[in-house]
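Structure record follows, encoded as structure tokens.
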2 protein chains.
Amino acid sequence: MECRNAQGEEHKREMMAVQDSMDVLNGKWKIPIISSICYYKQRRFSDVLNDVDGISNKMLSKELKELEVNKLIRRIVLDTQPVTVLYELTEHGKTLQTIINNLTEWGIKHRKEIVGR
Amino acid sequence: MECRNAQGEEHKREMMAVQDSMDVLNGKWKIPIISSICYYKQRRFSDVLNDVDGISNKMLSKELKELEVNKLIRRIVLDTQPVTVLYELTEHGKTLQTIINNLTEWGIKHRKEIVGR
DNA sequence: CCGTATCCCCGGGGATACTG
DNA sequence: CAGTATCCCCGGGGATACGG
């Protein structure tokens, strides 16, 4: 695999695109949250809170908001008593799966490379 | 694109692999640094310092060390006067290109999705 | 149940100066 | 040039309590 040979402005545009992606996924929690919601198709706030080890309610709230703003997840309110809130991936959110799969594969290769095969 | 249907332990192992990858790439600087070195094939400390907008020498030093520990880059010392230090990608580092390409493509799609097509 | 508000602490990381 | 050392600040994020 070779580096792209883009020149000047094109190279910068590509770098910005990578950063856009990273900004969306950065931090400890985004991917585990997405993974939880994806795995169960639909998931409630407190479920995700349990799925994602170590996250606080404040953080979860913040992260879910960011994911929603980025249109990766959808928030669904059912007017039960008390209220039930479900989160699910949008179509756009599901397109992340390619990247997550690649990260999975690379992570496994990397572990072999570092820990020893 | 569907979610993987891995069950229980397998799903956890995959999540850990994703986190391994993210840990390696996390933060503002890793990918821009890799990109700079990759683009120029070989790059000196002060060159990268200029390429990566806004990074401090302390941060760059720290990040380069982490990348080296993770065997993504190689540090080459030439005994000129004063000393010259070159950084280049290892073969393992070059395997990141697939991921970076995917992040680029997804970032572009994402921008269209958010900013408007 | 689903969050928001408040308080508070710690360490990530910038600016700057210094060394080999 | 290629980093290291020191100082210092600010805001990310945990714990906890509260509100709808």
Side-chain angles (χ1 to χ4, degrees), chain A residues 19 22-34 36-38 40-90 93, chain B residues 19 22-90 93:
Chain A
Q19 273 310 126
M22 288 306 285
D23 290 346
V24 168
L25 298 177
N26 240 332
K28 284 178 72 175
W29 309 118
K30 295 279 170 49
I31 290 184
I33 290 169
I34 290 169
S36 164
I37 295 171
C38 182
Y40 293 100
K41 312 303 179 191
Q42 291 193 145
R43 207 69 175 145
R44 290 179 308 164
F45 186 89
S46 52
D47 291 331
V48 181
L49 200 57
N50 286 321
D51 293 340
V52 180
D53 206 46
I55 197 171
S56 66
N57 55 351
K58 185 170 123 186
M59 263 297 104
L60 180 55
S61 173
K62 201 194 95 197
E63 299 286 67
L64 286 171
K65 230 174 262 171
E66 290 179 25
L67 292 173
E68 204 189 349
V69 165
N70 279 313
K71 296 183 181 172
L72 300 181
I73 63 173
R74 189 174 6 255
R75 185 171 177 274
I76 301 168
V77 182
L78 308 177
D79 62 346
T80 50
Q81 193 55 245
V83 117
T84 303
V85 180
L86 295 174
Y87 292 93
E88 64 180 24
L89 290 191
T90 60
Chain B
Q19 273 312 124
M22 288 305 285
D23 290 346
V24 168
L25 299 178
N26 239 332
K28 285 178 71 174
W29 310 117
K30 295 282 169 49
I31 290 184
I33 290 169
I34 290 169
S35 172
S36 162
I37 295 171
C38 181
Y39 187 61
Y40 292 100
K41 312 302 179 192
Q42 291 193 146
R43 207 68 175 146
R44 289 178 309 163
F45 186 89
S46 53
D47 291 331
V48 180
L49 200 57
N50 285 320
D51 294 340
V52 180
D53 206 46
I55 197 171
S56 65
N57 54 352
K58 183 170 123 187
M59 263 297 104
L60 180 56
S61 174
K62 200 194 94 196
E63 300 286 67
L64 286 170
K65 230 175 260 171
E66 290 179 25
L67 292 174
E68 202 189 350
V69 165
N70 279 313
K71 296 182 181 173
L72 301 181
I73 63 173
R74 192 178 359 258
R75 186 172 177 274
I76 302 168
V77 182
L78 308 177
D79 62 346
T80 50
Q81 193 57 246
V83 117
T84 302
V85 180
L86 294 174
Y87 292 92
E88 64 180 23
L89 290 191
T90 60

Exam field: side chain A:Asn70 to backbone A:Glu66, donor-acceptor pair closer than 3.5 Å: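 Yes, A:Asn70 side chain to A:Glu66 backbone: donor-acceptor pair under 3.5 Å.
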
field: Comparing B:Gly27 and A:Val85 on DNA chain C - which has the more 5′ nearest nucleotide
entry: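 Residue closer to the 5' terminus by nearest nucleotide: A:Val85.
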
query: Between B:Ser61 and D:dG3, does any side-chain N or O lie under 4.0 Å from OP1 or OP2?
result: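 No.
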
query: Has B:Lys62 got a side-chain N or O lying under 4.0 Å from the OP1 or OP2 atom of C:dG12?
result: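 The answer is no; no side-chain N or O of B:Lys62 sits under 4.0 Å from OP1 or OP2.
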
Among the candidates [options], find the nucleotide nearest to the side-chain atoms of [X].
| X | options | answer |
| --- | --- | --- |
| B:Lys58 | D:dT16, C:dC2, C:dG13 | C:dG13 |
| B:Ser56 | C:dC1, C:dG3, C:dG14 | C:dG14 |
| B:Arg75 | C:dT4, C:dG13, D:dA2 | D:dA2 |

Round to a whole Å and report the spacing from [atom1] of [X] to [atom2] of [N].
| X | N | atom1 | atom2 | result |
| --- | --- | --- | --- | --- |
| A:Leu60 | D:dA15 | CG | P | 14 Å |
| A:Met59 | D:dG11 | CE | P | 15 Å |
| A:Ile55 | D:dG13 | CD1 | P | 10 Å |
| B:Lys65 | D:dA5 | NZ | P | 8 Å |
| B:Tyr87 | D:dC1 | OH | P | 14 Å |
| A:Leu67 | C:dG3 | CG | P | 13 Å |
| A:Glu63 | C:dG3 | CD | C1' | 15 Å |
| A:Asn57 | C:dC7 | CG | C1' | 14 Å |

- prompt: So what does B:Lys28 hit on the nucleic acid, given a heavy-atom distance under 4.0 Å: a base, only sugar-phosphate, or nothing?
  reply: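 Nothing: the residue B:Lys28, judged by heavy atoms under 4.0 Å, touches no strand.
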
Separation between OG of B:Ser46 and CG of B:Leu60, rounded to the nearest 0.5 Å: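 Nearest 0.5 Å value for the OG-CG distance: 9.5 Å.
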
- prompt: With a 4.5 Å limit on heavy-atom distance, are the side chains of B:Ile33 and B:Asp51 in contact?
  reply: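 No, side chains not in contact.
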
List every contact pair, protein side and nucleotides 18-20 of chain D side both N or O, where the distance is under 3.5 Å.
none

message: Can you tell whether the side chains of A:Arg74 and A:Glu88 come within less than 4.0 Å, N to carboxylate O?
response: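 Result for this pair is yes, salt bridge flagged.
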
- prompt: Looking at A:Trp29 and A:Asp53, what are the two nearest heavy atoms and their distance?
  reply: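 For A:Trp29 and A:Asp53, the tightest heavy-atom pair comes out as CZ3-O, 3.5 Å.
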
